[in-house]
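Input: a single structure, listed below in structure tokens.
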Amino acid sequence: MFRIGILGAGSIARTMARTLRLMNYRGDDVCLYAVASRDQQKAEAFAHQEGAQVAYGSYAAMAADPNVDLVYIATPHSHHAEHIELCLNAGRNVLCEKAFTANAAQAERLLNLAREKKLLLAEAIWTRYQPVRGQISRLIADGVIGEVRGLKAELSYPLTNKARIVKPELAGGALLDVGIYPLTFASMVLGDDIVKTSSSSVLMETGVDLTDSITLWYRSGAVAQILTSAAFQGENTGLVYGTKGYLKIDNINNPNTVEVWAGRHSTHPAQILDVEPKLTGYEYEVLACKKAVETGALECPEMPHSEILVMMRQMDALRAQWGVRYPFE
Ligand SMILES: NC(=O)c1ccc[n+]([C@@H]2O[C@H](COP(=O)([O-])OP(=O)(O)OC[C@H]3O[C@@H](n4cnc5c(N)ncnc54)[C@H](OP(=O)(O)O)[C@@H]3O)[C@@H](O)[C@H]2O)c1
């Protein structure tokens with residue numbers, strides 16, 4: 001049985017606990033083994049409600065437990081680096097929520113440490129691991145929409161009621177929390193050979209980014225337009241434009257429908273792709289980590305270390321364009 005320990009008993013931790021339960025019922029040979037919170041009572045309540053065997057009142061105590069095969073880190077972005085380091089130094093494999101760290105320098109240091117320790121270190125950016133990614137790539141490779149020349153992606157939620165989004169000391173802002181998804185969508189479709197980036201942002205009173213508009217120009221001649229915000233509810237769609245038609249993806253965060261539209265005058269999609277039914281959508285990153293640990297791999301091919309760094313550097317550069325710096329930088 002592949003035993004997972006959740007570090008930080010917040011909101012996404014609950015979703016992961018549910019995912020692990022569903023995977024366990026399905027017979028995936030994974031289980032929620034432990035949970036760690038800064039507060040023992042909170043850990044115990046979480047363990048009781050979500051079905052974890054062990055509840056730890058400190059992150060270090062869970063990191064020291066050799067029965068944990070993989071720690072899933074679900075804390076604010078500001079603390080990912082500290083918590084990854086704690087787990088690696090204790091000898092644990094790690095799957096850390098996105099954004100991987102607050103900046104690229106932290107990411108680089110920890111990826112080196114993981115390789116030194118010969119431990120798995122992966123980023124929980126779920127869309128990279130979902131099979132629909134391969135389905136979209138195959139449609140494009142088959143030339144269904146012709147040559148891809150453009151892309152539009154948007155992801156926005158009203159999130160300014162959350163401390164971790166608003167506070168600079170928690171590495172808040174729209175970019176690291178939601179902006180990472182349209183950037184990831186663009187990266188998965190168009191690659192990373194970007195020759196020019198133009199962007200601007202409306203900042204919150206606290207100094208972190210609220211609404212970001214980003215345009216990426218690629219060496220291939222393709223252009224990606226990205227809008228992302230913590231101020232409003234968006235449609236969250238992705239569009240991939242080709243010379244013969246376009247793809248419409250209903251939710252770039254967790255695609256459920258992929259439509260192929262061909263021709264200027266069509267009134268209905270030429271094709272609608274069947275997306276594989278999901279448990280929650282988070283099961284794929286867990287399965288990828290299980291496979292990596294079982295085969296001794298130190299990274300997941302779906303989101304290799306090199307790609308983690310590309311994305312962190314891209315977000316560093318965007319924040320530099322807007323003058324957004326976290327107090328600990
Ligand atoms: N993949 C996805 O779809 C998805 C969705 C939502 C969020 N996320 C990611 O998951 C991470 C956590 O997000 P969340 O929405 O679950 O946040 P959350 O509800 O605020 O939970 C974060 C948890 O981190 C722990 N923590 C440790 N140090 C903290 C500090 N200084 N301040 C506040 N909390 C601290 C707390 O757990 P204890 O009190 O138990 O120690 C807290 O409950 C972020 O990286 C976010 O980007 C991913």
Side-chain angles (χ1 to χ4, degrees), residues 5-19 34-50 52 55-63 71-87 94-103 106-107 122-130 155-185 208 228 230 236 251-255 278-286 288-289 302-303 308 311-312 315 326-328:
I6 295 182
L7 190 151
S11 160
I12 193 69
R14 298 265 175 192
T15 308
M16 179 52 84
R18 191 170 132 248
T19 304
V35 62
S37 169
R38 294 163 302 170
D39 175 325
Q40 180 69 41
Q41 280 186 348
K42 188 177 169 192
E44 279 168 16
F46 187 101
H48 177 70
Q49 288 153 7
E50 305 293 345
Y56 286 107
S58 90
Y59 297 159
M62 188 178 78
V71 175
Y72 166 69
I73 295 177
T75 54
H77 310 139
S78 49
H79 288 64
H80 288 180
E82 179 190 329
H83 298 150
I84 292 172
E85 190 166 12
L86 172 76
C87 294
V94 174
L95 170 65
C96 181
E97 259 306 336
K98 43 54 70 174
F100 185 66
T101 45
N103 56 47
Q106 290 180 346
E123 180 177 357
I125 174 92
W126 59 329
T127 46
R128 293 266 185 186
Y129 300 84
Q130 295 190 349
L155 193 82
S156 308
Y157 297 103
L159 296 169
T160 48
N161 59 335
K162 287 180 186 268
R164 68 170 191 84
I165 302 295
V166 175
K167 289 188 172 179
E169 63 271 30
L170 293 180
L175 182 70
L176 265 59
D177 199 66
V178 283
I180 191 169
Y181 286 112
L183 290 174
T184 294
F185 182 74
V208 296
T228 191
N236 301 344
N251 176 5
I252 56 158
N253 198 21
N254 182 24
K278 291 168 264 195
L279 298 178
T280 60
Y282 296 96
E283 61 270 32
Y284 303 105
E285 64 195 31
V286 175
C289 287
E302 296 86 348
M303 187 53 174
I308 292 176
M311 299 309 292
M312 287 313 309
M315 292 191 289
Y326 303 125
F328 50 84

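Bear in mind that the values here come from a model prediction, so they are computed numbers and not experimental data. Both counts, for ligands and for their atoms, begin at 1 and track the order of listing.
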Can you find an N/O atom of Ser11 closer than 3.5 Å to an N/O atom of ligand 1? yes

Close N or O approach (Ile12, ligand 1; < 3.5 Å): yes

Considering only heavy atoms, does [X] approach ligand 1 within less than 4.0 Å through its side chain, its backbone, both, or neither?
X      : result
Lys98  : both
Phe46  : neither
His79  : side chain
Tyr181 : side chain

Could you tell me which atoms of ligand 1, counted from 1 in the order shown, lie closer than 4.0 angstrom to a heavy atom of [X]?
X      : value
His80  : 45 (O)
Tyr59  : 25 (C), 26 (N), 27 (C), 36 (C), 37 (O), 38 (P), 41 (O)
His77  : 44 (C), 45 (O), 46 (C), 47 (O)
Asp177 : 46 (C), 47 (O)
Gly10  : 19 (O), 21 (O), 43 (O)

Kindly say whether [Y] contributes a backbone atom to a donor-acceptor pair with the side chain of [X] at under 3.5 angstrom?
X      : Y      : value
Gln40  : Gly57  : yes
Asn236 : Ser156 : yes
Thr127 : Asn253 : no
Tyr326 : Gly172 : yes
Glu283 : Gly281 : yes

Closest to atom 42 (C) of ligand 1 (judged by heavy-atom distance), picking from Glu97, Arg164, Lys42: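 When every heavy atom of Glu97, Arg164, Lys42 is considered, Lys42 comes closest to atom 42 (C) of ligand 1.
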
Measure from atom 22 (C) of ligand 1 to every heavy atom in Ala74, Ser37, Gly8, Ala124 and give the option owning the shortest one.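 Minimum heavy-atom distance to atom 22 (C) of ligand 1 goes to Ala74.
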
Name the closest protein heavy atom to [atom], giving the residue it belongs to and the distance to 0.1 Å.
atom                    : answer
atom 3 (O) of ligand 1  : Tyr282 OH, 2.5 Å
atom 37 (O) of ligand 1 : Ala9 N, 3.3 Å
atom 33 (C) of ligand 1 : Pro76 CG, 3.7 Å
atom 11 (C) of ligand 1 : Thr75 O, 3.3 Å
atom 28 (N) of ligand 1 : Arg38 NH1, 3.4 Å

Closest non-hydrogen atoms of Lys98 and Ile125, given as atom of the first, atom of the second and distance, are CG-CD1, 3.9 Å

On a heavy-atom basis, which atom in Ala107 and which in Phe100 lie closest, and how many Å separate them?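 Distance-wise, the nearest heavy atoms are CB-CD2, 3.7 Å.
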
Crowding at CZ, Arg18 (>12 non-hydrogen neighbours, <6.0 Å): no

Look at the rings of His80 and His77 and say which category their plane angle falls in: under 30° parallel, 30 to 60° tilted, over 60° perpendicular. perpendicular

Mind checking whether Trp126 and Tyr282 have parallel, tilted or perpendicular rings, split at 30° and 60°?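 It falls in the parallel class, under 30°.
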
Got Met311 and Arg128 here, is their nearest side-chain heavy-atom distance under 4.5 Å? yes

